Amino acid sequence: MTIFTGFIVEPISFNTFLYKSLGCISMIILMGWLLYRLMFSSLSKIPGPWYTNLSVLFLVYHEYRGSKRLWIHNLHLKYGESVRIAPNELSFASATAIKEIYTSAGGYAKTELYSLFQHGPHRNLFTALDKKEHNEKKKRLADRYSNSAVLQPGIQALLRDRADAFARVCAVKKTLDVYLYLHCYALDCVSAIVFDPYGTRSIEEGNDNDMVRHLSYHNSRPGLVIRHYLPWLHRFYSRFDTRSQKGGEMIDEYAWASIRKEPHSVFTLSTRLLQYPEIGTGNMVAECLDHIGAGIDTTGDALCFLMWEISQPHNSKKMQRLCEELRMYSLENGDTLIDLPYLNAIVQETMRLWAPGTQSLPRYVPDGGRCIDGHFVPGHTIVSAQSFTVHRMDQTIFPDSEAFNPERWLEIEGKVERQRLMFAFGSGARTCLGKFLAMSEMRLLLHAVYSRFRTRPADDMNASMEMSDQLMTSRPKDMLCKLTFEPIEL
Ligand code: HEM
C-alpha cells in the first residue's frame, strides 16, 4: 500500500492506513458534532458557558459535589437572568419566568428527579409527576394544611406544647445544640398534624430523639445523584449509607404502627387518608412519610439559620426588638401571632436568605415549546428557578441582598415587587402544602424562646454554619449549632 504525504510517496501497511483513516473520520465526526452543539443546537443561542452546550456532565459533577447551587448562582451573576446549564437544561431567575414555568395554564410537569423521593412503588403528592394524578391527591389533602386549619385552636395548642417543651430544655441545659433540638421540634410538630395523638415527643423522649439523630445527619446527596443518573450502580453504593437507612427504618416502623392505632384526631392527615380505604395502607403510610420527611429538615434548618443569625453580636438590636415585641403577647388567649410585624419580618427575611429549599425545582417544557423571558424553549427541555438566586440577584428589589435585614419587609415601598420574587415555598399548583404549618411553627417557637431568653453563640461553638447542599435543600455545614440561653430579666 502506498500513500501520498506531500510530495513524497511513502509505502505504509494496510493496518496503518486503516487506523489513520478511522482517526480522520472520527476527528471529522467529532468536529461536526462540536460545531453543531456550539452553533446550531436548540439552546445554543441562550447565554451560558460554551461547555454546557456539550454535555450534562458538568451539571452532574456539581450536583454530586454539592456545588450546584453556587455554580448556577455564579452563572446567573455572569450571564443574566436566563442561563443554559446543560445541553437540555436552562435556569431562570426572574419573576416573569417563575410565573410562566410554575403557574401558567397547561402547566409544566415535574421531572423524574422527584421520583428519587418515592417510597417504594408509591407515588404521593410530592412525587406525582402526572398532573391529573396530582390534582386528585391534592383535592383530598389540601384542606389539612390551609391557613385556617393550621390556626385552629386544637392545632395551635399542639404546636405551642412542642414549642414550650423546646423552651424548657433551653432553660435546663442553658447551652444547647439547637440544630438537633430544632429538628426534634419540627418532627414533633409535623408528626402531630399527621398522627395526633400519636405524634412523636423527640424533644423529651429517648427513642424518638434517637430517631432524629439518625434522620438528621445523613449525607444522601451523592447516593441520590448516582441513583438518578446510574441506577445500576446505586445498589452497591447504598450499602455505605447506613446512617440514613437506620433512620429510614425507624420512621417507617413508627408510621406503620401509628396508622394502625385508633382513634386519630379529626384534623389529622391520617384521619383524612383513612376515609379513602381504596388507596391502601401502603399508599397512606407513604403519603404520611412524605409529609413528615418534608417537614423535618426544612423547618428545622430554617429555624437553625435564623437563631444563629439573630444571636450574632451585630444583630443584638434586632434581637432586642424581637424580644420586646414578643413579650407583649402571652398566648394564653389563643393568639396565633400572625399579625406581629417584626416577627413576620424576621421570618420573611430568614426565608429569603436561608429557605432550605434553595435549589432548582426542575420542570419539563410542555410539547410544542414555550416562550420564557423572550427565549423560545423547545418542548421537553428542563427548566427551573432556584430561590437562592431569585432572592438575591435583583439588587434594586433586595438592596444589599446578602445582608440579614428584616427591616426591609416593614417598608411599604417595593412590597409588591419583593413578594413577587419570594420563591421559598415554590409557586403555583405545586407550591409547598405545609407552608402555613411551617410559618406557624416558626412563629410559635420564636415566641417560646425570645419572650424568655436572649441567645448568643456558645463559647465553644466553632462549627461552620455555612450553607451546605443536599439534593434539593441546604443545611448548616457541620450540623451543629451551639447557643447559650440567658433568661431575660423582668
Ligand atoms: C421552611 C419550611 C419549608 C420549606 C422551605 C418548604 C419548601 C417547599 C418547596 C420549595 C416545595 C415545592 C417543590 C417543587 O415545586 O418542586 C415544597 C413542596 C411540598 N412541601 Fe414543603 N417546605 C417546608 C415545609 C413543609 C412542611 C412542614 C410540610 C408538611 C406537610 C411540607 C410539605 C410539602 C409537600 C407535601 C409538598 C409537595 C406539594 C405538591 O407537590 O403539591 N413542607 N415545599
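Every value quoted in this text rests on a predicted model; they were computed, and no experiment measured them. Both ligands and their constituent atoms are indexed starting at 1 by order of listing.
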task = Could you check atom 35 (C) of ligand 1 against the protein and tell me its nearest heavy-atom contact, residue, atom and distance included?
result = Leu433 CB, 3.9 Å
ask   = For ligand 1, which atoms sit closer than 4.0 Å to a heavy atom of Gly426?
value = 10 (C)
task = Look at the aromatic rings of Tyr181 and Phe166 and report parallel, tilted or perpendicular, splitting at 30° and 60°.
result = perpendicular
ask   = For ligand 1, which atoms sit closer than 4.0 Å to a heavy atom of Met351?
value = 1 (C), 5 (C)
key: Distance-only donor-acceptor check, side chains Tyr450 and Thr455, under 3.5 Å   = yes
task = Compute whether any side-chain donor of one residue and acceptor of the other, for Thr473 and Gln470, lie under 3.5 angstrom apart.
result = no
task = Would you mind running through ligand 1 and noting each atom that sits below 4.0 Å from a heavy atom of Tyr114?
result = 14 (C), 16 (O)
note = Residues Met307 and Leu182: closest non-hydrogen pair is SD-CD1, 3.9 Å
inquiry  = I need the nearest protein heavy-atom contact for atom 19 (C) of ligand 1: residue, atom name and distance, please.
reply    = Cys432 CA, 3.6 Å
message = Using a 4.0 Å cutoff against the non-hydrogen atoms of Thr299, which atoms of ligand 1 qualify?
response = 2 (C), 27 (C)
query = Between Asp188 and Ser202, is any side-chain donor less than 3.5 angstrom from a side-chain acceptor?
reply = yes
query = Who's closest to atom 29 (C) of ligand 1 heavy-atom-wise, of His291, Lys137, Arg144, Lys110?
reply = His291
message = At under 4.0 Å between heavy atoms, is it the side chain or the backbone of Met442 that contacts ligand 1, or both, or neither?
response = side chain
Side-chain donor-acceptor pair present, Ser265, Asp196, cut-off under 3.5 Å = yes
task = Take Arg272 and Asp143 through the test salt bridge (Lys or Arg N to Asp or Glu O under 4.0 Å) and record every step on the way to the result.
result = CA-CA 10 Å; Arg272 172 54 52 83; Asp143 73 330; 2.9 Å; yes
request  = Please examine the side chains of Phe404 and Thr350, heavy atoms only from C-beta on, and report whether any two atoms are closer than 4.5 Å.
outcome  = yes
inquiry  = Show me which atoms of ligand 1 lie under 4.0 Å from any heavy atom of His134.
reply    = 39 (C), 40 (O), 41 (O)
task = For Thr431, counting its heavy atoms only, list the atoms of ligand 1 lying under 4.0 Å from any of them.
result = 38 (C)
ask   = Angle class for the Trp354/Phe305 ring planes (parallel below 30°, perpendicular above 60°, tilted otherwise)?
value = parallel
key: Distance filter under 4.0 Å to Gly295 heavy atoms, resulting ligand 1 atoms   = 26 (C), 27 (C)
note = Under 4.0 Å between heavy atoms, the region of Arg363 that gets near ligand 1 turns out to be side chain
ask   = Just heavy atoms, cut-off under 4.0 Å: does Ala424 contact ligand 1 by side chain, backbone, both, or neither?
value = backbone
task = Would you mind telling me if ligand 1 is within reach of the side chain of Tyr102, the backbone, both or neither, using heavy atoms under 4.0 Å?
result = neither
task = Quick one: look up the protein heavy atom nearest atom 2 (C) of ligand 1 and list residue, atom name and how far away it is.
result = Thr298 CB, 3.5 Å
ask   = Between Phe423 and Tyr102, what is the ring plane arrangement, given parallel below 30°, perpendicular above 60°, and tilted in between?
value = tilted
Distance from atom 30 (C) of ligand 1 to nearest protein heavy atom, with residue and atom = Tyr145 CE2, 3.4 Å
ask   = Think Lys137 forms a cation-pi with Phe126, using NZ or CZ under 6.0 Å from the six-ring centre and within 45 degrees of its axis?
value = no
query = What's the shortest distance from atom 37 (C) of ligand 1 to any protein heavy atom, and which residue and atom give it?
reply = Phe126 CD1, 3.4 Å
ask   = Which of the atoms in ligand 1, numbered in the order shown and given with their element, are less than 4.0 Å from a heavy-atom of Pro356?
value = 5 (C)
task = Quickly, which of Arg84, His76, Glu81 forms a side-chain hydrogen bond (donor to acceptor under 3.5 Å, both in side chains) with Ser91? Name it, please.
result = His76
query = Are Thr268 and Thr271 linked by a side-chain donor-acceptor pair shorter than 3.5 Å?
reply = yes
key: Selection from Trp354, Phe423, Phe117, Phe425 by shortest heavy-atom distance to atom 6 (C) of ligand 1   = Phe425
task = Name the option, out of Cys189, Ala294, Ser360, that contains the heavy atom nearest to atom 33 (C) of ligand 1.
result = Ala294
query = In terms of residue, atom name and distance, what is the protein heavy atom nearest to atom 28 (C) of ligand 1?
reply = Gly434 CA, 3.6 Å
request  = Could you tell me whether ligand 1 has any atom less than 4.0 Å away from a heavy atom of Leu125?
outcome  = yes
query = How close do Glu325 and Leu343 get, heavy atom to heavy atom, and via which atoms?
reply = OE1-N, 2.8 Å
ask   = Mind checking whether Arg430 has an N or O less than 3.5 Å away from an N or O of ligand 1?
value = yes
